[in-house]
Amino acid sequence: MIFYRMKRKALLQYFSKYIPATFMLAAISLSAVSCNEKTTDEPETDETETIISLPNVAVSSFSLKGETGVMSHLDSVFFSVDLENGVIFNADSLPKGAKIDKLVATIKYSDYITSAKIIMDGGTTRRDTIDYIKHAGDSIDFTGNVRLVIATEKEEMKKTYTIKVNVHKENPDSLVWTEMAQSPLPSRFASPVTQKSVELHNKAISIIQENDGSYTLAATDDLYANSWTKEELSLPFTPDIRSLAASENNLFMLDNQGALYSSPDGKSWTPTGQTWARIIGGYSDTVLGLAFNDTGLVYAQYPIKDLNVIPVDADFPINEISNFATHTNKWSSNPIGFFCGGALSDGTLSDAAWAFDGSNWIALSKGNFPTLKGASLVPYHAFRATGASGITPVEIDAWFVIGGQLADGSFNRCIYISYDNGVNWKRADSELSLPSFIPALTSFDNIVMASSKESNITDAWTTSANLKRPRVSWSVDGDMLKWECPYIYLIGGFNNDMTLSNTMWRGVINRLASAPII
């Protein structure tokens, strides 16, 4: 505890200025029982000395002045002041490449401070001392070690603060894939022939055709740990494994003749009595697809609910579409499901996203990405600087289209992104591109699954910290901060020679993998 000796008159002035009136009487009364307490025989005067604990050397706020370009919103970056340890820092680091060698700071402290010096050591452009009271507008070089030393009159009270302006060493919004973050498919034998992976009840479910003609059912609730259970699967039919889809409560799959089967767990399968040409995907507690009736190819649903059973639109893709994904929004009472790309009945490829609203299919968008088939549609997150936030991005939902085969036969290596649930798409920035060590693939599956991560809170300000994320699930256990980090898993897929890739890849946006600010 820091103590300061001051006259009674100054004490009264201090409390009247800084302490709420309701606490003044109690505070002054406490001063009468200090270690300088006078006896009843001694008259009290304005010159009576009292020892108290004061926040006179506390920095009340620290901020940077905005500049231009990427630095124009510096004044909106929040700095924490750790009074106990004497550290001032920005937990949400500035963007990679931000120039911090000539910044102007606004520092606020009590009126009792008579000396404030900024000492710069080891910087790239400046290494000296600034008298901040006289030259508050001088620029500071934060590339080295920066200290703020403030003191009251005659240095009766003095405190030193270390000032850190943290800058991301790598782009926090990059989608990162590492060569180490891969593993083989959960087959029982080497060189599986084909597979399909879906998510059911927060578990990854894979059905795999082995190279000896047998089938494997694999499941895990932790893809990060790669802890699969595997068992040989006996089926009462010859499956079209790539038709596998999951609704909220069941799996569905076609046999090689188009008969539709359902299963609650992937082990026991029951015929539905339906014969379909194609499964599109699970929707709520049903599955959507295409079937033939007397009028030709029509839209299908099982169990049938509100679907408008009409002939399939001429420009509706019927083969090699992306996976089907759903989302909810405040404007619709039903989930909205959609897919991207695919091949039409005449073999031409589509550049459209098609959506289902519970009753009807509509072309949601066209021409925002190239014509392609076999792409993977990934529901994920992204960060965008919007509005007044400027330098600090905001977390939003996003959809990625990854992989697939283009009309000229080449494989797509670009990622396309939508921030409005598939209505508009654009080619993603370079930080979201696939690295060269991931091979070009088509018709791979994706699952987004969260894994628990942890970080020591006491070290959080020195790490590549993240911005506040209201939707992230976190908890604190002692000094450890734990949170859920969503990873993208790309599973299987087919190479240029259309052989199965026996690999799973794991990717994550940097910002999601770093400790959230709480």
Side-chain angles (χ1 to χ4, degrees), residues 198-203 205 243-254 260-264 272-274 276-291 293 295 297-318 321-342 350 352-366 368-369 375-382 395-401 416-425 445-450 471 486:
V198 296
E199 186 176 2
L200 179 67
H201 300 318
N202 297 316
K203 286 187 175 183
I205 305 289
S243 71
L244 179 68
S247 69
E248 289 178 349
N249 299 304
N250 289 287
L251 298 172
F252 294 90
M253 190 162 55
L254 301 177
L260 178 65
Y261 287 77
S262 68
S263 171
T272 64
Q274 302 281 311
W276 284 9
R278 179 74 54 202
I279 287 178
I280 294 174
Y283 178 82
S284 188
D285 58 350
T286 73
V287 65
L288 302 172
L290 306 175
N293 67 9
T295 63
L297 191 64
V298 297
Y299 298 115
Q301 182 181 35
Y302 179 84
I304 187 71
K305 289 197 172 181
D306 300 321
L307 171 71
N308 186 10
V309 180
I310 58 174
V312 172
D313 293 83
D315 56 349
F316 189 89
I318 62 173
I321 63 175
S322 76
N323 54 297
F324 182 75
T326 63
H327 67 88
T328 58
N329 60 52
K330 61 184 178 181
W331 299 283
S332 175
S333 58
N334 294 322
I336 303 297
F338 69 101
F339 67 84
C340 296
S350 172
W354 282 80
F356 181 71
D357 63 3
S359 300
N360 296 290
W361 285 96
I362 60 169
L364 190 62
S365 67
K366 289 185 177 182
N368 291 164
F369 47 81
S376 193
L377 176 62
V378 182
Y380 203 51
H381 310 269
E395 181 182 1
I396 59 176
D397 292 328
W399 296 85
F400 297 166
V401 168
Y416 294 85
I417 190 168
S418 172
Y419 298 111
D420 55 8
N421 297 316
V423 177
N424 292 287
W425 296 84
D445 307 318
N446 79 81
I447 292 176
V448 176
M449 183 174 287
R471 293 178 291 180

Nearest 0.5 Å, please: how far is [atom2] in [Y] from [atom1] in [X]?
X: N360; Y: I362; atom1: CG; atom2: CD1; result: 8.5 Å
X: I280; Y: Q301; atom1: CD1; atom2: CD; result: 10.5 Å
X: L251; Y: S263; atom1: CG; atom2: OG; result: 5.5 Å
X: I279; Y: M253; atom1: CD1; atom2: CE; result: 8.5 Å
X: L290; Y: I321; atom1: CG; atom2: CD1; result: 7.5 Å
X: N249; Y: H201; atom1: CG; atom2: NE2; result: 5.0 Å

If you look at every heavy atom in [X] and [Y], which pair is closest and at what distance?
X: T286; Y: P303; value: CG2-O, 3.6 Å
X: S350; Y: A352; value: OG-N, 3.0 Å
X: L200; Y: S247; value: CD1-O, 3.7 Å
X: A277; Y: L297; value: CB-CD1, 4.0 Å
X: C340; Y: L377; value: SG-CD1, 4.1 Å

Item to check | Residues forming a side chain to side chain donor-acceptor pair (under 3.5 Å) with D315, sequence neighbours excluded | outcome: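 Side chain to side chain donor-acceptor pair (under 3.5 Å) list for D315, sorted by chain: K366.
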Item to check | side chain to side chain donor-acceptor pair (under 3.5 Å) involving S322 - partner list, sequence neighbours excluded | outcome: none
Checklist entry - Aromatic rings F316 and W354: how do their planes relate, parallel, tilted or perpendicular, breaks at 30° and 60°? => result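 Taking W354 first and then F316, their aromatic rings stand perpendicular (interplane angle over 60°).
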Expected output: side-chain [X] to main-chain [Y] donor-acceptor under 3.5 Å:
X: Y299; Y: D313; value: yes
X: R278; Y: I318; value: yes
X: T328; Y: P335; value: no
X: T272; Y: Q274; value: yes
X: S365; Y: N424; value: no

Which residues share a side chain to side chain contact (heavy atoms under 4.5 Å, CB included) with [X], sequence neighbours left out:
X: P264; answer: N250, S268
X: H327; answer: N329, I336, F338, W399, N421
X: I417; answer: A382, A398, F400, Y419, K426, A428, L432
X: S376; answer: N323, V378, F444, N446

pair [X]-[Y]: side-chain heavy atoms closer than 4.5 Å:
X: I396; Y: H381; value: no
X: Y302; Y: W276; value: yes
X: I310; Y: W361; value: no

Next on the checklist: Evaluate S418 against D420 for side chain to side chain donor-acceptor pair (under 3.5 Å), listing each step before the verdict.
Outcome noted: CA-CA 6 Å; S418 172; D420 55 8; 2.9 Å; yes
Next on the checklist: Please confirm whether the ring centroid of F252 lies under 6.0 Å from the ring centroid of Y261.
Outcome noted: no
Checklist entry - So, do F369 and W425 have ring centers that fall under 6.0 Å from each other? => result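 Centroid distance F369-W425: below 6.0 Å, so yes.
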Checklist entry - Is the number of heavy atoms from other residues, nucleotides or ligands within 6.0 Å of CG (N202) greater than 12? => result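 No, not enclosed.
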